[in-house]
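Note sheet for the following structure.
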Amino acid sequence: GSGHLSDIERGMLDTEYQALLSEIDRIANDTEFNGVAMVSGNAVTSTTLNSQATATNFVQAADGFQTITFDSTVTNSTDTTAVFTFAYSTSTSVLTATNTTTGESQGIDITSAAIAAGSTQTVNFTELGAVVTLNSAFDKSVEVAPAAATTFTSDSAGQIEATSITLVSADASTVQNVTTTSVSLDASVPAATTFTLGALTGSADLTSTGTKTVALSDGTNDISISLNVTTAFTTDDTAAEITVGDLGTLVLANFNTANTSFSFKLGTGNVVDVDSLTITVDSITTQDLSLAGTNVATLAQAEIASAAVSASIDTLNTSRANVGAAQNRLDFAAANLSIAIENAEAARSNLLDLDIAQEMTTFTSKQILVQTGVAMLAQANQLPQNLLRLFQ
């Protein structure tokens, strides 16, 4: 934030700053214990979407997509969702995933060998933060590709009702406030054509041809759709056409900021907070530290980043304090259990173990009585013999 730095120098510093942000996320996502992620928050869940009204364009269990999960890197500071496409080529056996929000793609050779019944195949798109689990229903002899494009033509008023562009969600709660699956396009001002899907709105410039990505938002939720303009629009141009672009199969990655919780069993019952103790470990990704999307490329942005870093340190220290308090509580609970175990063992010892001193005393006493009896019997046997000697 110092004034003696030029924009070029700030750009160099920003390169390191962005690298350090990436390292924070890497550490957060890589920190595990017994295979359980500790400080990365829960995995991002996925919801199936379909951009075109064809059942073959779904990513769903019936097509062999058993699960699709994403980590927190699929989103940024402004987007809470990201749209992914998946395509499979039978000629190369490559499954390709594309994050339409960032434009990044990664293809992985999954081989042409069929997946055996009851088995699964995990495909890890490490560059995109996505993991796909395929089951035996995934047919590697069938292409996974976009359906045929749908064409729409504007009317005399430049208004287009694109009623067959649908976004079908497996979980309706994922995209809030969407009460219709119809996308309405108002091209009366082609340079700022308005797209509406329920409460989600966005705009795009249709005065040029090519693929257009339209970001739709209702202030809380964000999704995007892709369209391909084959002829540039002008006002009231009835000859212009708009077609659904090569979207492939769509999946909505829904960002989940829930923290990781662990339940520790302390008693033999099932009473919550009595027989068990739940500890929550805060996520410390750049998203949760409010650092995602910040930069130091300009003086103004550096000031914003400086405040964000200061706030993130407070957030991190609060999280560390919570972990420390939880550790102390667990230590106290463990000490209490140790005392209970020691007392139980002492009681068990009194019930089961012999009192050696008492047993030896009893044994000695009885042994003396036996020896005394034998001695007295010996004395009694000698009396008849003494009497016989008097008659001799």
Side-chain angles (χ1 to χ4, degrees), residues 26 29-30 32 34-37 40-75 81-148 166-175 223-226 244-256 258:
R26 189 199 67 78
N29 291 315
D30 192 51
E32 296 181 350
N34 285 342
V36 178
S40 63
N42 290 345
V44 179
T45 57
S46 65
T47 300
T48 300
L49 291 178
N50 182 23
S51 64
Q52 302 170 43
T54 54
T56 57
N57 212 34
F58 277 99
V59 173
Q60 55 187 352
D63 295 329
F65 288 86
Q66 181 165 304
T67 60
I68 304 174
T69 58
F70 304 88
D71 61 36
S72 58
T73 61
V74 302
T75 61
T81 58
V83 178
F84 278 69
T85 66
F86 290 90
Y88 173 70
S89 171
T90 56
S91 60
T92 61
S93 301
V94 172
L95 181 65
T96 302
T98 302
N99 184 336
T100 63
T101 303
T102 63
E104 296 176 291
S105 294
Q106 183 181 3
I108 295 179
D109 186 350
I110 61 175
T111 74
S112 59
I115 301 173
S119 300
T120 60
Q121 181 176 0
T122 300
V123 187
N124 192 352
F125 295 93
T126 54
E127 297 176 10
L128 305 180
V131 179
V132 177
T133 301
L134 305 174
N135 57 33
S136 57
F138 186 83
D139 190 349
K140 294 185 178 181
S141 64
V142 176
E143 294 272 340
V144 175
T166 58
L167 293 170
V168 181
S169 173
D171 179 4
S173 64
T174 302
V175 183
I223 64 173
S224 63
I225 60 175
S226 294
V244 174
D246 296 336
L247 299 179
T249 50
L250 283 179
V251 170
L252 178 68
N254 204 32
F255 184 62
N256 187 348

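Counting begins at 1 with the first residue of the sequence.
For the pair Val132 and Phe86, the minimum side-chain heavy-atom distance is below 4.5 Å.
One distance of note links CG of Leu134 with CG of Leu95; it measures 6.0 Å at 0.5 Å rounding. Taking CG of Asp139 as the reference point, atom OH of Tyr88 lies at 8.5 Å (rounded to 0.5 Å). Expressed to the nearest 0.5 Å, how far CZ of Phe138 lies from CD1 of Ile115 amounts to 7.0 Å. Between atom CG of residue Leu128 and atom OG1 of residue Thr98 there is a gap of 7.5 Å, rounded to the nearest 0.5 Å.
Judged purely by atom type and a 3.5 angstrom limit, Lys140 uses its side chain to pair as donor or acceptor with the backbone of Thr111. Listed for the Gln106 side chain is a donor-acceptor partner under 3.5 Å among the backbone atoms of Glu127. With Gln121 contributing its side chain and Ile110 its backbone, the two residues share a donor-acceptor pair below 3.5 Å.
Considering all non-hydrogen atoms of both residues, Thr92 and Asp109 come closest at O-OD1, 3.9 Å. Between Gly118 and Ser136 the shortest heavy-atom distance is N-OG, 4.2 Å.
Thr126 and Asn124 share no donor-acceptor pair across their side chains, judged by distance under 3.5 Å alone.
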